[in-house]
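Let me begin by presenting the structure, written as structure tokens, before commenting on it.
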Amino acid sequence: MFSNTMKLLGDRFRSAVRSSFGDDCPFDDQWIKPCNDPRFGDYQFNGALPLAKSLQKKPRDIAETLAGCVELADISAPLEIAGPGFLNIRLTNAYLSNALTSIPAGETSEYDRLGLQFDEAVETVVVDMSSPNLAKEMHVGHLRSTVIGESVSRILEFAGHTVERVNHVGDWGTQFGMLITHLRDVQPDVISDPDSLAIGDLEAFYVAAKKAFDGSEEFANRARQAVVQLQGGDEETLAVWRAFCDESLRHCHAIYDRLGITKLEDRGESFYNDQLAPTVQELTDAGMVETSDGAECIFLDDFKNRDGEPLPMIVRKSDGGFNYSATDLAAVRHRLRDIGATRLIYVVGIPQQQHFAMLFAAIRKSGWAADSVRLEHLAFGSMLGRDGKPFKTREGGTVKLKNLLEEAVQAARAAIDQRQGDDDDRSLSESQKQTISEAVGIGAVKYADLSHSLTTDYRFDMEQMLSFEGNTAPYMLYAYARIRSIGRKADIDLDALPSDAPITIEHDAEIALAKMITRFPEVISQIVRDLRPNVLTEYLYELSKAFSRFYDRRHGVRVTDAEPESTRMSRLRLCQITARTIKSGLYLLGIDTIEQM
RNA sequence: GCGUCUGUAGCUCAGUUGGAUAGAGCAUCGGAUUUCGAAUCCGACGGUCGCAGGUUCGAGUCCUGCCAGGCGCACCA
């Protein structure tokens, strides 16, 4: 069975430790680690050193005892004791061969799990992601939340969890009075025929509305009145508002379609409108709310403002209106009670850290969430320009996401056209070129975003992310397309190889590749736990490099013309499994593969 | 002022939650192709891990204090 080698080793060492030093002897799975230097082996057991203290023995003696009794004959060469008491583990070729041979044929479902099983308890997870403001066009600031949110959602689904992606769009508030009023003036037909509404550029529309608001007292009055009507539930006003939101959402979904985001549930702030008062009332009844300067506030320990005074979370403004804290509280309440979520993940930038710390503290205080419910702010850093400064257009404005994606696809297209000129053997049709440049351009943007650690800011560098060298989407997509072409060229259907044909691992290049493939389960387990997509990009890069060496003219092995037939079949299966692993990994990042490029 | 994030090779970034001699890519220099996809592979060069203490068998990683930069701190969301 294709299983997690690290977990397997952990189980073996746990029994060895317990049988040698007693059933209550401490054990930590973290004691098993992959070696960072291949000269020490593949994995190492570091437990002898921490055990030395609690057992009052010498670390090397402990290591020797364990080396003598741990059952690893089916996994590792004889253990070596090194340094102060490390136990070095070297996977045998037989173990690698068996592990890979046991991988079942590909699944036809959305996820190819390569036969992996996950035994965790299934959770209902709500991932709060993307969440643009409907008053304006989506801009680059929404990219990370959308891309990271999608990847994290897929990873959790892969492990068997139920995931609901929620788009907490900004569709409520005073600015909508202004927009509705302007819409009535410019497109009066919107009430009789809401489907006729078409706004080419939301940004320009917003600017025009703002100009009218600032320039005319009469307009401003009507706008303020529209807000009152909206909140009062006036049907005609609501109809105009709904038409505007629908139009804005169409703009968003054009982008989501291009990004391959398909299961995103639009549930904006307005959705919680009638739950705001009951939510605040419930907290008031619980004695958590007090009035300060006319505003209704929740005071939490450890939060101070710039004067050192206690910093409240304002749930109701002094004018009686509710603000975003109230909305967020109502949203949490809804997700816990109505959706039955056991884990809430907010994919929102670092600047909101304090807000979420306060929100979560308030929720804990309210007792709405069971202790086992995880409340997480998956905070990410900003996307910066190539110069390390905030990402802006030349004129200093915000960069529209639509334009950024189009630019990336165009740049990918240019690169493909250039390559085509150098290589007449592989001519591509116009539609193939379009498909490829779309996949490469969009994939490059996503991959660049996900390959950086979440918390740090990163520089957006189109040239770097579209490079075919280094840890980039094009390199990965190329590795995949090249493997797929091996089958095509040799007239072999890689997907139809017999899944019981044995894989034998002998050559150094095979060993290196096999070791990378067998790490897949443990990498997946780690990112299911940590939600760190860049761990996966790093892994896929290493895997792709291992394949390139495996297939290299000088350092690698022959594949399609290898002899005897059993070797050829074994290597073809290795190719197939590598391709599936890359495809599966890229899928978890939200990136589509292409069959040729 | 308080909080928070960041500081690693010339540049862009990793660093598996405390493990052995800190790694990639780019750039620079050198090598491999009578093509199973060279959009590739191999090698060389390059480091006081911001600074100073501390914790311990062991610190880029943990604690404290500095230095530098980003962001957030009462009715916008």
Side-chain angles (χ1 to χ4, degrees), chain A residues 6 30 33-37 39-40 44 46 49-50 52-53 59 82-86 88 131 133 170 172-175 269 292-297 302-319 321 323-325 327-328 349-355 357 379 381-382 384 386 388 390 415-416 419 422-423 425-426 451-453 455-459 461 463-464 467-472 474-475 477-479 481-486 489-490 522-523 526 530 532 534-535 537-539 541-542 545 548-549 551-556 558-562 596-597:
Chain A
M6 230 153 76
Q30 301 281 332
K33 297 237 155 140
C35 291
N36 49 22
D37 188 333
R39 285 180 304 136
F40 298 135
Q44 54 186 296
N46 298 337
L49 293 104
K53 193 166 283 177
F86 300 117
N88 292 338
S131 306
N133 183 345
W172 204 245
T174 51
Q175 57 192 334
E269 293 164 355
S292 172
D293 289 347
E296 292 180 29
C297 306
D302 303 327
F303 291 99
K304 302 260 176 13
N305 68 13
R306 66 184 75 200
D307 302 320
E309 307 290 323
L311 176 68
M313 181 158 101
I314 294 173
V315 293
R316 190 166 201 177
K317 298 183 289 183
S318 51
D319 68 3
N323 66 355
Y324 78 128
S325 289
T327 310
D328 279 345
I350 287 178
Q352 304 259 19
Q353 214 156 29
Q354 191 178 48
H355 167 65
S382 312
L384 304 173
R386 226 176 138 164
I416 286 156
R419 302 282 177 192
D422 301 343
D423 183 356
D425 294 345
R426 234 169 15 243
S451 60
H452 290 87
S453 62
T455 48
T456 48
D457 295 347
Y458 79 96
R459 298 180 188 219
D461 185 340
E463 198 182 322
Q464 186 277 328
S467 165
F468 290 91
E469 284 150 6
N471 189 8
T472 65
Y475 181 93
L477 292 172
Y478 170 72
R482 182 160 70 150
I483 300 172
R484 298 298 295 176
S485 97
I486 291 169
K489 291 282 172 59
E522 70 200 36
V523 170
Q526 190 195 333
D530 297 347
R532 282 169 36 184
N534 72 304
V535 172
T537 58
E538 195 74 22
Y539 167 75
Y541 181 47
E542 293 299 326
K545 276 202 287 196
S548 287
R549 286 186 206 117
Y551 202 65
D552 186 63
R553 286 172 197 168
R554 189 181 178 87
H555 306 92
R558 305 300 301 177
V559 176
T560 57
D561 52 4
Q596 58 181 314
M597 61 189 287

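Convention: sequence-line order gives letters A, B, ...; per-chain numbering from 1. Reckoned from all heavy atoms, side chains included, excluding hydrogens, waters and symmetry mates.
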* **Per-nucleotide pairing state of RNA chain B [Watson-Crick or G-U, under 3.5 Å; [ ] pseudoknot-crossing; | other strand]** => (((((((..((((.....[...)))).(((((.......))))).....(((((..]....))))))))))))....

Considering only the [atom1] atoms, how many Å lie between [N] and [M], rounded to the nearest integer?
{"N": "G69(B)", "M": "U33(B)", "atom1": "C1'", "result": "48 Å"}
{"N": "G25(B)", "M": "U8(B)", "atom1": "C1'", "result": "15 Å"}
{"N": "C13(B)", "M": "C49(B)", "atom1": "C1'", "result": "14 Å"}
{"N": "G70(B)", "M": "U28(B)", "atom1": "P", "result": "32 Å"}
{"N": "C62(B)", "M": "C45(B)", "atom1": "P", "result": "31 Å"}

Do [X] and [N] share a donor-acceptor pair, side chain to base, under 3.5 Å?
{"X": "Arg482(A)", "N": "A39(B)", "answer": "no"}
{"X": "Arg39(A)", "N": "U21(B)", "answer": "yes"}
{"X": "Asn88(A)", "N": "A20(B)", "answer": "yes"}

Out of [options], whichever nucleotide has its closest atom nearest the side chain of [X]:
{"X": "Arg553(A)", "options": "U17(B), A14(B), U33(B)", "result": "U33(B)"}
{"X": "Ser453(A)", "options": "C13(B), U40(B), A14(B)", "result": "A14(B)"}
{"X": "Thr455(A)", "options": "C5(B), G37(B), C36(B)", "result": "C5(B)"}

* Asked: How does each nucleotide of nucleotides 55-63 of chain B score, in 5' to 3' order, for protein heavy atoms under 4.0 Å: base (B), sugar-phosphate only (S), or none (-)?
  -> -SB------

* Structure fact -> Contact string for nucleotides 69-77 of chain B, one letter per nucleotide 5' to 3', B = base within protein heavy-atom range under 4.0 Å, S = sugar-phosphate only, - = neither, reads --SSBBBSB

* Asked: Can you name the residues that form a side chain to side chain donor-acceptor pair (under 3.5 Å) with Thr560(A), not counting sequence neighbours?
  -> none

* Cationic N near anionic O, under 4.0 Å, Asp37(A) to Arg39(A) ->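 Salt bridge between Asp37(A) and Arg39(A), a charged N being under 4.0 Å from a carboxylate O: yes.
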
* To do: For the pair Glu463(A) and Arg386(A), find out whether any cationic side-chain nitrogen is under 4.0 Å from an anionic carboxylate oxygen.
  => yes

* Asked: Can Phe86(A) be classed as stacking with the base of G19(B), given a centroid separation cut-off of 5.5 Å and a plane angle cut-off of 30°?
  ->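 Check failed, Phe86(A) does not stack on base of G19(B).
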
Polar-atom pairs under 3.5 Å, protein N or O versus N or O of nucleotides 22-27 of chain B: list them with distances, or write none.
{"from": "C26(B)", "atom 1": "OP1", "to": "Glu469(A)", "atom 2": "OE1", "distance (Å)": "3.1"}

* Asked: For Ala357(A), which contact category applies under a 4.0 Å heavy-atom criterion: base, sugar-phosphate, or nothing?
  ->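 Contact class for Ala357(A): none.
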
* **Contacts of Asp561(A) that satisfy salt bridge (Lys or Arg N to Asp or Glu O under 4.0 Å) - sequence neighbours left out** =>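 Applying salt bridge (Lys or Arg N to Asp or Glu O under 4.0 Å) to Asp561(A) gives Arg558(A).
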
